[in-house]
J.: 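Here's a structure for you.
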Amino acid sequence: MHYTLSSAHPDAHYIDIECRLTGVSQPELELQLPAWRPGRYELQNFAKNIQRFEIFDGNGQPLPFHKLTKDRWRVQTNGASDIVIRYNYYTSIINAGTSYVSEEMLYVNFINLCLYAEGRIDEPCTVKLDIPDNWTIACGLRQVGPGELQASDFYELVDCPLIASPDLQDIAYEVDGIDFHVWIQGNIKPDQERIIADFSRFSKAQIQLFGEFPEKDYHFLTIVLPTAFYHGVEHRNSTMLVLGPDDEGEGLYQDLLGVSSHELFHAWNIIRIRPKEMLPYDFTRENYFPTCFVAEGVTTYYGDLMLRRSGVFDEAAYLKELQVLFKRHFEVSGRAFQSLVDSSFDLWLDGYEKGVPDRKVSVYQKGAIAAMILDLHIRQQTNHARSLDDVMRLMWERFGKPFVGYTLDDYRSVTEEVAGEPLDWYYEHCIFGNQPLEDLLNQYLIFVGLYMDYDENGGVVLHKLDDETGQMQRENWCASTPALYPGL
């Protein structure tokens, strides 16, 4: 498929798309627009943003077609070897999963607006952008000419968002032979030396954890808005970030660090260490999977941990983020009915909505707490000889690097192998169960000199304990609950 993107009237926020499919030999052809995008596990029905839609042969003659579903078309080719589809796409919203066009910028998530032909999704794709010559393109795809990009197949195309603008700022650095770029579009003047130093640290820490990086380069594509915003989406060799407000100063920078570290960890965990249920992606419908607590929870845990381990965060900054994590779970859904497995599966139902009270839990927040409990348990049982790091390395070696996909049973097997024991209590309590986690979490927090409590208003407070107080608290907790937590 060959795509050309342009916009005759950018102020109207329409992107014009021409898709040209060559080498057609069948009498009928089915065309599909994706119904969802990777990184957001809900149907978004992008076809609703198409205003006009036409299909022609290579000589410009109209071809008959009709809709099969809300986002699938069947065209009668009438013997044509080339098929041309012309349509436009409305782009009025900026977040990390949309597309947008204006006089100053073209921002595209190809998953929103690119069709594919059934049976030919694995074929190479090219993209031609009709943009001014002085605009810079930021994208993980290969640039093969002025305004021209190439993808090995449709899966790569839609996993590589793009920003084109005359005002893009490029902050480049290198770690272990990998080229990294922090692209910034917005009304700010970033401290480039600070960004290079901090991003290099956490990038190196993550590469050291896994032993290698999956790609030859990586791009942090960042749009900074004048209004408050915080959103990031992972991609094959890039991440799309939208942050704001642009006058927040240090707060904006801390947000940039947090979301960037989180999304970089996804380069291994979900982009390559991917649930078997989503290998390959089926863009026509829901791809149900029970392990989003691994994909997002483990990643949320490691995002801040890598900032601390690399020295970007000091102890006070890390503990502040840890308290925010605890508050978001325990003050909002600490008594919710669903388990992490239930809420992983139901992301497709209401995972990104507030939902009814006390129904679901966040796979990000409770998933991160469950990951922390597992990490501290393994460390305690092995005197820090092994940890969740070893779990993720094995997941990479067995499922990510060969790109074969894993199941919930696979993940459980790896965690028990690293722990050196069955973890029935952990999975029953933290993963399949809906019991509150405060007591169990505190058992392990005390192991590292921390303790979580509630203030008089029900707000979560994280305490740092001295050695004597910590030992006393640990002895009290272990004496009061020996049967419930046999691992302790």
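Quick caveat: nothing in here was measured; it's all calculated off a predicted structure.
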J.: Which residues pass the side chain to side chain contact (heavy atoms under 4.5 Å, CB included) test with F345, sequence neighbours left out?
T.: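 Here the qualifying residues are Y288.
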J.: Any side-chain donor-acceptor pair under 3.5 Å between D71 and N45?
T.: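 The answer is no; no qualifying pair exists.
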J.: In Å, rounded to the nearest 0.5 Å, how long is the span from OG of S387 to CD of Q380?
T.: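 Rounded to the nearest 0.5 Å, the OG-CD separation comes to 14.0 Å.
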J.: Name the orientation class of the two ring planes belonging to H181 and H219 (parallel below 30°, tilted from 30 to 60°, perpendicular beyond 60°).
T.: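 Answer is parallel, since the angle falls under 30°.
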J.: What residues form a side-chain hydrogen bond (donor to acceptor under 3.5 Å, both in side chains) with Y173, not counting sequence neighbours?
T.: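 S203.
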J.: Looking at I270 and A295, what are the two nearest heavy atoms and their distance?
T.: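 The answer is CD1-CB, 3.7 Å.
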J.: Kindly state whether the ring of Y444 and the ring of H377 have centres lying under 6.0 angstrom apart.
T.: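 Yes, ring centres under 6.0 Å apart.
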J.: Name all residues meeting the side chain to side chain contact (heavy atoms under 4.5 Å, CB included) criterion together with H13; count only those two or more places apart in sequence or in a different chain, and write none if there are none.
T.: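 Side chain to side chain contact (heavy atoms under 4.5 Å, CB included) check on H13 returns Y90, T91, Y100.
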J.: Output all residues satisfying side-chain hydrogen bond (donor to acceptor under 3.5 Å, both in side chains) with D176, sequence neighbours left out; order by chain, then residue number.
T.: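 D176: side-chain hydrogen bond (donor to acceptor under 3.5 Å, both in side chains) contacts with K204.
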J.: Do F293 and Y364 pass the ring-ring contact (aromatic ring centres under 6.0 Å, His included) test, and can you show the C-alpha distance, the side-chain angles, and the key distance before you say yes or no?
T.: CA-CA 7 Å; F293 69 90; Y364 295 81; over 10 Å; no
J.: Can a side-chain donor-acceptor contact be found between D346 and S343 if the only test is distance below 3.5 angstrom?
T.: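 Judged by distance alone, the side chains do not pair up.
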J.: For residues 280-298, pull every pair meeting salt bridge (charged side-chain N to carboxylate O under 4.0 Å, His left out), keeping only residues two or more places apart or in separate chains.
T.: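 Qualifying pairs, neighbours excluded: D282-R285.
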J.: Would you list the pairs meeting salt bridge (charged side-chain N to carboxylate O under 4.0 Å, His left out) in which at least one residue belongs to residues 375-388, sequence neighbours left out?
T.: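 Salt bridge (charged side-chain N to carboxylate O under 4.0 Å, His left out) check on residues 375-388 returns D375-R379.
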J.: For R412 and D424, which heavy atoms make the closest approach, and how far apart are they?
T.: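 That closest heavy-atom pairing would be NH2-OD1, 2.7 Å.
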J.: Yes or no on ring-ring contact (aromatic ring centres under 6.0 Å, His included) for F447 and H384, after CA distance, side-chain angles and deciding distance?
T.: CA-CA 12 Å; F447 171 60; H384 295 287; 5.5 Å; yes
J.: Would T299 and N269 count as having a side-chain donor-acceptor pair, cut-off 3.5 Å?
T.: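 Yes, side-chain donor-acceptor contact under 3.5 Å.
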J.: Would you name the heavy atoms of N95 and V242 that are closest together and state the gap between them?
T.: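 Reported closest heavy-atom pair: C-CG2, 3.6 Å.
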J.: Is the shortest heavy-atom distance from the side chain of I431 to the side chain of S339 under 4.5 Å?
T.: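 They are not in side-chain contact.
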J.: For S413, check side-chain hydrogen bond (donor to acceptor under 3.5 Å, both in side chains) against everything at least two apart and list the hits.
T.: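 Partners of S413 by the side-chain hydrogen bond (donor to acceptor under 3.5 Å, both in side chains) criterion come out as none, since no residue qualifies.
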J.: I'd like to check E421 versus E416 (side-chain heavy atoms, cut-off strictly below 4.5 Å). Are they in contact?
T.: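 Side-chain contact under 4.5 Å: no.
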J.: D122: what forms a side chain to side chain contact (heavy atoms under 4.5 Å, CB included) with it, not counting sequence neighbours?
T.: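 With sequence neighbours excluded, D122 shows a side chain to side chain contact (heavy atoms under 4.5 Å, CB included) to Y155, given in chain and number order.
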J.: Evaluate the side chain to side chain contact (heavy atoms under 4.5 Å, CB included) criterion for residues D198 and L257: first the C-alpha distance (whole Å), next the side-chain angles of each, then the deciding distance (0.1 Å), finally the verdict.
T.: CA-CA 8 Å; D198 289 343; L257 287 174; 3.9 Å; yes
J.: From F289 CZ over to L279 CG, what is the distance, rounded to the nearest 0.5 angstrom?
T.: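 So the gap between those two atoms works out to 12.5 Å.
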J.: Nearest 0.5 angstrom please: L374 CG to I369 CD1, how far?
T.: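 Rounded to the nearest 0.5 Å, the CG-CD1 separation comes out at 14.0 Å.
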J.: According to salt bridge (charged side-chain N to carboxylate O under 4.0 Å, His left out), does anything in residues 314-323 pair up with another residue at least two apart or in another chain? List the pairs.
T.: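 Listed once each, the pairs are E315-K464.
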J.: Just so I know, are the side chains of S238 and C139 near enough to count as touching, which here means a heavy-atom distance under 4.5 Å?
T.: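 No; the side chains remain at least 4.5 Å from each other.
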J.: Apply side chain to side chain contact (heavy atoms under 4.5 Å, CB included) to L445 and Y451, showing your working.
T.: CA-CA 6 Å; L445 287 178; Y451 181 74; 5.7 Å; no
J.: Is there a side-chain contact between P245 and F229 (heavy atoms, below 4.5 Å)?
T.: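 In short, these two side chains do not touch, never coming nearer than 4.5 Å.
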J.: Do Q185 and V224 have side chains that approach each other closer than 4.5 Å (heavy atoms only, starting at C-beta)?
T.: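 Side-chain contact under 4.5 Å: no.
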J.: Who are the side-chain hydrogen bond (donor to acceptor under 3.5 Å, both in side chains) partners of K401, not counting sequence neighbours?
T.: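 K401 satisfies side-chain hydrogen bond (donor to acceptor under 3.5 Å, both in side chains) with E212 once adjacent residues are dropped.
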J.: Go through F330 and L437 one step at a time and tell me if the side chain to side chain contact (heavy atoms under 4.5 Å, CB included) criterion holds.
T.: CA-CA 9 Å; F330 291 109; L437 291 183; 4.1 Å; yes
J.: What pairs of residues pass the side-chain hydrogen bond (donor to acceptor under 3.5 Å, both in side chains) test when at least one of them lies in residues 221-235, not counting sequence neighbours?
T.: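 Matches after skipping sequence neighbours: D159-H235.
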J.: Would you say the rings of F213 and W268 are close, in the sense that their centroids are separated by under 6.0 Å?
T.: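 Yes, they do, as the ring centres are separated by less than 6.0 Å.
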J.: Can you tell me how far CD of Q323 sits from CE of M452, rounded to the nearest 0.5 angstrom?
T.: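 Reported value, rounded in 0.5 Å steps: 10.0 Å.
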J.: For the residue pair Y41 and S344, confirm or rule out a side-chain donor-acceptor distance under 3.5 Å.
T.: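 No pair is found: no donor N or O on one side chain lies under 3.5 Å from an acceptor on the other.
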J.: Would the H266 and Y302 ring centres measure less than 6.0 Å apart?
T.: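 Ring centres of Y302 and H266 not closer than 6.0 Å.
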J.: Rounded to the nearest 0.5 Å, what separation is found between the OG atom of S333 and the NZ atom of K360?
T.: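 Output value for this atom pair is 9.5 Å.
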J.: If every non-hydrogen atom of F403 is compared with every non-hydrogen atom of I271, which pair is closest and at what distance?
T.: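 Minimum heavy-atom contact is CE1-O, 3.4 Å.
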J.: Measuring from atom CZ of R40 to atom OG1 of T98, what distance do you get when rounded to the nearest 0.5 angstrom?
T.: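 Taking CZ in R40 and OG1 in T98, the distance rounds to 11.0 Å.
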J.: Establish, from distance only, whether the side-chain atoms of Y89 and N49 form a donor-acceptor pair under 3.5 Å.
T.: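 Side-chain D/A pair, Y89 to N49: present.
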J.: Which atom names give the shortest non-hydrogen contact between S362 and L340, and what distance separates them?
T.: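 Residues S362 and L340, closest heavy atoms: O-CD2, 4.0 Å.
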J.: Once salt bridge (charged side-chain N to carboxylate O under 4.0 Å, His left out) is applied, what residue pairs with a partner in residues 242-267 remain, sequence neighbours excluded?
T.: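 Salt bridge (charged side-chain N to carboxylate O under 4.0 Å, His left out) check on residues 242-267 returns R194-E250.
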J.: Using a distance-only test with no angle check, is there a side-chain donor-acceptor pair under 3.5 angstrom linking S261 and Q206?
T.: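 Yes, because at least one side-chain N or O of S261 sits under 3.5 Å from a partner of the opposite role on Q206.
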J.: Does a side-chain N-to-carboxylate-O contact under 4.0 Å join R393 and E397?
T.: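 Result for this pair is no, no salt bridge flagged.
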J.: L243 and L256: which non-hydrogen atoms are nearest, and at how many Å?
T.: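 Closest approach of L243 to L256, heavy atoms only: CD1-CA, 3.7 Å.
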J.: Apply side chain to side chain contact (heavy atoms under 4.5 Å, CB included) to residues Y406 and V414 and explain how you reach the verdict.
T.: CA-CA 11 Å; Y406 71 93; V414 170; over 6 Å; no
J.: Do I223 and M240 touch side chain to side chain, with heavy atoms closer than 4.5 Å?
T.: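 Yes. Closest side-chain heavy atoms under 4.5 Å.
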J.: Assess the side chains of S99 and N112: does a donor N or O sit below 3.5 Å from an acceptor N or O?
T.: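 Present: a donor and an acceptor within the cut-off.
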